[in-house]
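For the numbers below, each heavy atom of this structure counts, side chains included, while hydrogens, waters and symmetry mates do not. Chain naming here is simple, since letters A, B, ... match the order of the sequence lines and numbering starts at 1 in each.
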2 protein chains.
Amino acid sequence: MIKQTQRQIRNRLFAALTPSEFAAIAPGVKSVKLELGQPLHRAGEIVEDVYFPETGFISALAVLSDGYHLEIGLVGAEGAAGVSVILGSNTSYSEAMCQTGGLAWKISTASLRRAAAEHPHFRELLLRYVEVFHIQVAQTAACNAHHDLSQRLARWLLGAHDRSGVAELSLTQDLIAIMLGVRRSTVSVAAAQLQRAGIIRYQHGLITIVDRVGLENAACECYESVAGEYRRLFGEHPRDLPPLPTAA
Amino acid sequence: MIKQTQRQIRNRLFAALTPSEFAAIAPGVKSVKLELGQPLHRAGEIVEDVYFPETGFISALAVLSDGYHLEIGLVGAEGAAGVSVILGSNTSYSEAMCQTGGLAWKISTASLRRAAAEHPHFRELLLRYVEVFHIQVAQTAACNAHHDLSQRLARWLLGAHDRSGVAELSLTQDLIAIMLGVRRSTVSVAAAQLQRAGIIRYQHGLITIVDRVGLENAACECYESVAGEYRRLFGEHPRDLPPLPTAA
DNA sequence: CAAACTCTGTGCGGTACCGCACACGCAAAA
DNA sequence: TTTTGCGTGTGCGGTACCGCACAGAGTTTG
């Protein structure tokens with residue numbers, strides 16, 4: 001179960017619980033370490049556990065029959081991966097995959113459903129997050145059809161920056177290319193462009209975000225549009241997630 | 001309120017209700033005529049009513065700041081437009097727009113929420129549909145990034161065919177181009193290709209689907225993938241929606 | 001019937017991204 | 001240090017779609 005007191009918790013869905021709700025749910029929650037590349041849910045398979053990221057983030061990926069994996073949404077401490085089990089289905093449409101190492105809270109599908117049934121406020125919180133996630137996916141659909149890669153790359157980096165809480169991201173261009181559904185070399189060109197503009201620095205699997213505002217200007221509207229919906233429904237901007245805990 | 005007896009209802013969400021649930025909900029339901037091009041919900045505005053199509057279909061559109069409208073999902077008698085209000089938000093992320101004339105059942109947001117609260121089976125039905133719709137949108141995101149227009153056009157026509165229940169669709173290429181987020185002339189080329197293959201016939205705003213199986217072969221996997229998820233959660237394939245009532 | 005309008009087919013130059021391939025630089029292992 | 005490997009930058013021909021523009025065919029209106 002969760003050892004931290006609630007005020008130490010970074011995940012916004014848990015942080016928004018009342019103390020009594022938190023106390024009731026905590027026993028079913030386990031802390032787990034997320035490893036880079038680790039699959040948490042597989043397309044078409046049963047969702048055993050739902051993951052509430054504490055640090056790091058998780059990609060939701062659509063899997064096409066030719067083996068292509070393509071990101072449809074990003075989940076960090078603002079939400080949870082696999083939360084749509086509370087809509088009723090037991091299996092996952094998408095694949096959930098860790099993109100960075102980090103920590104998450106894990107709760108079994110059955111426990112989550114029980115908690116949601118017993119605590120209407122928690123249930124309502126989860127449903128609201130389902131809606132925000134849905135909006136993110138919808139915006140991605142439009143973005144994929146209409147915006148070009150340099151904008152989409154900037155948008156993606158902003159999302160990763162918000163959720164990771166650090167300016168240095170361990171990410172190869174290869175991985176980003178898969179997320180965005182383009183060739184690696186196309187990412188290379190777009191990234192070089194951002195680097196020349198002094199917005200990011202790229203060095204062997206390590207991206208540093210140098211100029212956050214510049215990155216926001218380079219991105220398409222889709223970042224701010226989704227972030228705005230999150231703020232509308234949750235009252236805080238994803239940019240303002242709590243900082244990472246300093247190492248004890 | 002609904003005058004038909006329940007067994008005459010084509011909409012699958014209403015048809016799946018138990019007789020007593022149906023009787024309880026019916027008084028809040030009004031029949032409305034859908035006109036081509038009529039907007040039912042506007043992006044960012046309050047959702048006053050939720051629409052359960054009986055014939056015809058409705059597009060959900062993302063609106064980008066440059067004015068582009070781009071379809072993210074299609075709703076027909078298998079579902080309802082605006083149903084995500086049961087997740088909690090009062091406003092609509094997307095725009096809902098009629099693509100054909102037809103009939104729909106309309107219920108106010110407040111009545112729908114009350115009905116969902118009082119009838120768990122109805123609520124569970126609605127949530128399951130929210131999930132299917134979400135899957136449709138997610139698949140569209142991947143499809144937009146990865147499949148080319150000829151496949152996407154075929155996919156779209158299949159969806160329209162399923163929902164309209166007739167082989168003749170009143171649709172200009174201009175309208176389809178907006179839905180798919182491409183130029184009209186690109187649609188023209190792809191449609192001419194399908195026509196030469198004897199799959200459809202196109203004549204001044206009227207598409208006739210000649211070879212349904214051929215159309216399925218011409219489409220990308222995305223059609224069958226979403227349809228399969230629908231069947232998994234609702235037990236019937238969208239292709240098998242009840243036929244239109246014959247004129248009395 | 002003719003005129004006005006709507007819708008579809010086609011063409012041209014331009015661009016974004018593809019698939020593939022290869023060279024270079026940084027980094028960890030021998 | 002040298003070697004090996006991984007990650008990044010770049011180039012080339014090809015393709016899908018863009019923006020724009022115009023002709024022709026079908027449909028409605030006068």
Atom pairs and distances, side-chain donor-acceptor, residues 35-52 of chain B, under 3.5 Å, sequence neighbours left out:
| from | atom 1 | to | atom 2 | distance (Å) |
| --- | --- | --- | --- | --- |
| Gln38(B) | OE1 | Glu35(B) | N | 2.9 |
| His41(B) | NE2 | Asp49(B) | O | 2.7 |
| Arg42(B) | NH1 | Glu95(B) | OE2 | 3.1 |

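Considering only residues two or more places apart in sequence or on other chains, His161(A) meets the side-chain hydrogen bond (donor to acceptor under 3.5 Å, both in side chains) condition with Arg212(A).
Considering Ile72(B), Leu70(B), Leu61(B) as possible partners of Ser94(B), the one that fulfils the side chain to side chain contact (heavy atoms under 4.5 Å, CB included) test is Ile72(B).
Of the residues near DNA chain D, Arg196(A) and His146(A), the one whose nearest nucleotide (by heavy atom distance) lies more toward the 5' end is Arg196(A). Of the residues near DNA chain C, Ser185(A) and Asp148(A), the one whose nearest nucleotide (by heavy atom distance) lies more toward the 5' end is Asp148(A).
Distance, Ile178(B) CD1 to dC7(C) P: 11 Å, rounded to whole Å. Atom CZ of Arg201(B) is separated from atom P of dG26(D) by 13 Å (rounded to the nearest Å). Protein atom OH of Tyr68(A) is 11 Å distant from nucleotide atom C1' of dC17(C), rounded to whole Å. We find that CG of Leu194(B) is positioned 15 Å from C1' of dG9(C), with the value rounded to whole Å. Atom CG in Leu153(A) sits roughly 12 Å away from atom P in dT8(D) (whole-Å rounding). As a whole-Å value, the separation of Tyr202(B) OH from dC7(C) P is 10 Å. Between the NE2 atom of His147(B) and the P atom of dC18(C) there is a distance of 14 Å, rounded to whole Å. Note: CD (Gln203(A)) to P (dA28(C)) measures 12 Å, nearest angstrom.
Checked by atom type and distance alone, the side chain of Arg155(B) never pairs as donor or acceptor with a backbone atom of Ala219(B) at under 3.5 Å.
Taking only side-chain atoms of Ser188(A), from C-beta outward, the nucleotide of dC22(D), dG9(D), dG19(C) with the closest atom is dG9(D). When distances run from any side-chain atom of Val182(A) to the nucleotides dA16(D), dC17(C), dC20(C), the shortest one goes to dC17(C). In the set dC17(C), dT10(C), dA21(C), dT10(C) carries the atom at the smallest distance from any side-chain atom of Val189(B).
Taking side-chain N and O atoms only, Arg183(A) has no distance below 4.0 Å to OP1 or OP2 of dG19(C). Taking 4.0 angstrom as the limit, Thr186(B) places a side-chain polar atom (N or O) nearer than this to OP1 or OP2 of dC18(D). An OP1 or OP2 oxygen of dC6(D) is reached within less than 4.0 angstrom by no side-chain nitrogen or oxygen of Gln173(A). The phosphate of dT8(D) (OP1 or OP2) has no side-chain N or O of Gln195(A) nearer than 4.0 angstrom.
The base of dT6(C) sits with one of its N or O atoms less than 3.5 Å from a complementary donor or acceptor on the side chain of His204(B). A donor-acceptor contact under 3.5 Å links the side chain of Arg184(A) to the base of dG9(D).
By the 30° and 60° cut-offs, the orientation of the rings of Tyr129(A) relative to Phe133(A) is tilted.
Counting any heavy atom pair closer than 4.0 Å across all strands shown, Gln193(A) reaches no nucleic acid atom.
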